[in-house]
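Presented below is the structure to which this report refers.
Since the model is a prediction, treat every value here as computed from it, not as a measurement.
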Amino acid sequence: MDATFFDTPRFLASSPLFSGLMPDELTRIAKSSQLQSYAKGENVFSIGEACEAFHIVVNGQVKLFVVSPAGQEKVIEIISPGQSFAEALVFLNKPYILSAQALVDTVLVNVSKNGVFSEIEQDPHFAMHMLAGVSRRLHRLIQDVEAYALQNGMQRLIGYLLRDVEMDAARGQSTLTVSLPASKATIASRLSLTPEYFSRVLHELEARQLITIDRREIRILDVQKLVGYGAQ
């Protein structure tokens, strides 16, 4: 992607963090931002590095992860186009506490910490946008902790497949196709499941004729029956 022709202010305006800002504010943030490409498997940052920016995905995917002393990787989150990450870390004035890696060829807008701080000094209302973004991330993390504590592996996997489904709207909808955004092993780590258990649950759901599996495409044959199966 050619940074010369990329409209950074317009892209930033589409982000929940910056929606509602005036054009001059978006322009200032854009000037402190950098469009950068990352090859598949390339680290965006590693744990322990200085945090000088937060990041918004233009295209591609990024996984946030930590590695245990024994070398086991735990995926914290998978970031898709339009989503941001590391917003809270820019305010801690500490090194990154996790790592980020491009799952596919990826383009990010890296928004500098200094640019964010400068904008907050000029307009305190900008801080409210940042707080809202941080609060959304915290809410998702609380939901994750709740799921790990209160749901079994089957329920976590079904909840993940239905994560973008509005139940009221789905009442009249029988089928649905879900594309896994990453490998099954990566999704399993994200749900705190082993890859073997993840595959076993998928095949159990397929044997129950609740889903069909075609590589990363999961076709849900009956949304309400799948919801009911997860509630058992």
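- Considering all non-hydrogen atoms of both residues, Pro95 and Gly48 come closest at CB-O, 3.3 Å.
- Linking ILVMFWY residues whenever their side-chain heavy atoms come closer than 4.5 Å, directly or via other members, places Met154 and Leu162 in the same cluster.
- Rounded to the nearest 0.5 angstrom, Leu176 CG and Leu221 CG are separated by 10.5 Å.
- Atom CD1 of Ile158 sits about 7.5 Å away from atom CG of Leu161, to the nearest 0.5 Å.
- Checked by atom type and distance alone, the side chain of Ser99 pairs as donor or acceptor with a backbone atom of Ile47 at under 3.5 Å.
- Proximity of Val109 to Ser84: side-chain heavy atoms (C-beta onward) are nowhere separated by under 4.5 Å.
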Show me the donor-acceptor pairs, under 3.5 Å and distance only, between side chains in residues 200-208 and residues at least two apart or in other chains.
unit_1, atom_1, unit_2, atom_2, d
Glu204, OE2, Tyr229, OH, 2.5
Glu206, OE2, Ile213, N, 3.2
Arg208, NE, Tyr229, OH, 3.3

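- Of the inter-residue distances, the one linking Thr8 atom OG1 with Leu35 atom CG reads 6.0 Å to the nearest 0.5 angstrom.
- Closest approach of Ser112 to Ala53, counting heavy atoms only: CA-CB, 4.0 Å.
- Without hydrogens or angle criteria, Ser189 side chain to Thr186 main chain gives no donor-acceptor distance under 3.5 Å.
- Val67 and Val75 are not part of a single hydrophobic cluster, where members link through side-chain heavy atoms under 4.5 Å apart.
- In this structure, the separation between CG on Leu103 and CD1 on Ile79 is 10.0 Å, given to the nearest 0.5 Å.
- Ser192 and Lys74 are linked by a side-chain donor-acceptor pair at a separation below 3.5 angstrom, with hydrogens and angles left out of the test.
- Separating the CG atom in Leu210 from the CD1 atom in Ile218 is a distance of 12.5 Å, to the nearest 0.5 Å.
- The cluster map of Ile, Leu, Val, Met, Phe, Trp and Tyr, joined by side-chain heavy atoms under 4.5 Å apart, puts Val107 and Val104 in different clusters.
- Legend: side chain to side chain donor-acceptor pair (under 3.5 Å) pairs involving residues 48-58, not counting sequence neighbours, sorted by first then second residue: His55-Tyr96, His55-Asn110.
- A donor-acceptor pair is defined here as one N or O able to donate and one able to accept, closer than 3.5 Å; such a pair exists between the side chain of Arg163 and the backbone of Tyr160.
- Contact annotation: the side chain of Ser80 approaches that of Gln61 to within less than 4.5 Å [non-hydrogen atoms, C-beta and beyond].
- Using a 4.5 Å cut-off between side-chain heavy atoms of Ile, Leu, Val, Met, Phe, Trp and Tyr, with links allowed through other members, Ile211 and Leu157 fall into the same hydrophobic cluster.
- The two atoms that bring Ser37 and Glu42 nearest to each other are O-OE1, 4.4 Å, heavy atoms only.
- Considering all non-hydrogen atoms of both residues, Val44 and Tyr38 come closest at CA-CE2, 3.8 Å.
- Residues satisfying the side chain to side chain contact (heavy atoms under 4.5 Å, CB included) test with Asn93, not counting sequence neighbours, are Lys113.
- In this structure, the side chains of Arg28 and Asp24 come closer than 4.5 Å at one or more pairs of heavy atoms.
- Using cut-offs of 30° and 60° for the angle between ring planes, the Phe54 and Phe18 rings count as parallel.
- In this structure, Asp105 contributes its side chain and Lys40 its backbone to a donor-acceptor pair below 3.5 Å.
- Tracing side-chain contacts under 4.5 Å through hydrophobic residues (I, L, V, M, F, W, Y), one reaches Phe117 starting from Val111; they form part of the same cluster.
- In terms of heavy atoms, Thr106 sits closest to Gly60 at OG1-CA, 3.6 Å.
- The two residues Gly153 and Leu193 make their nearest non-hydrogen contact at CA-CD2, 3.7 Å.
- With hydrogens and angles disregarded, a donor-acceptor distance shorter than 3.5 Å links the side chain of Gln101 to the backbone of Gly41.
- For the 3.5 Å distance criterion, the side chains of Thr177 and Arg219 qualify, holding a donor opposite an acceptor.
- Counting non-hydrogen atoms of other residues, nucleotides and ligands closer than 6.0 Å to CZ of Arg10 gives a total of 12 or fewer.
- At least one side-chain heavy atom of Leu98 sits under 4.5 Å from a side-chain heavy atom of Phe45.
- Arg190 contributes atom CZ, which lies 13.5 Å from atom NZ of Lys63 (distance to the nearest 0.5 angstrom).
- At distances below 3.5 Å, at least one donor-acceptor pair connects side-chain atoms of Thr27 with backbone N or O atoms of Pro23.
- The residue from Ile76, Leu108, Ile56 that alone fulfils the side-chain contact (heavy atoms from CB on, under 4.5 Å) condition with Phe85 is Leu108.
- Between the side chain of Gln155 and the backbone N or O of Asn152, at least one donor-acceptor pair lies under 3.5 Å.
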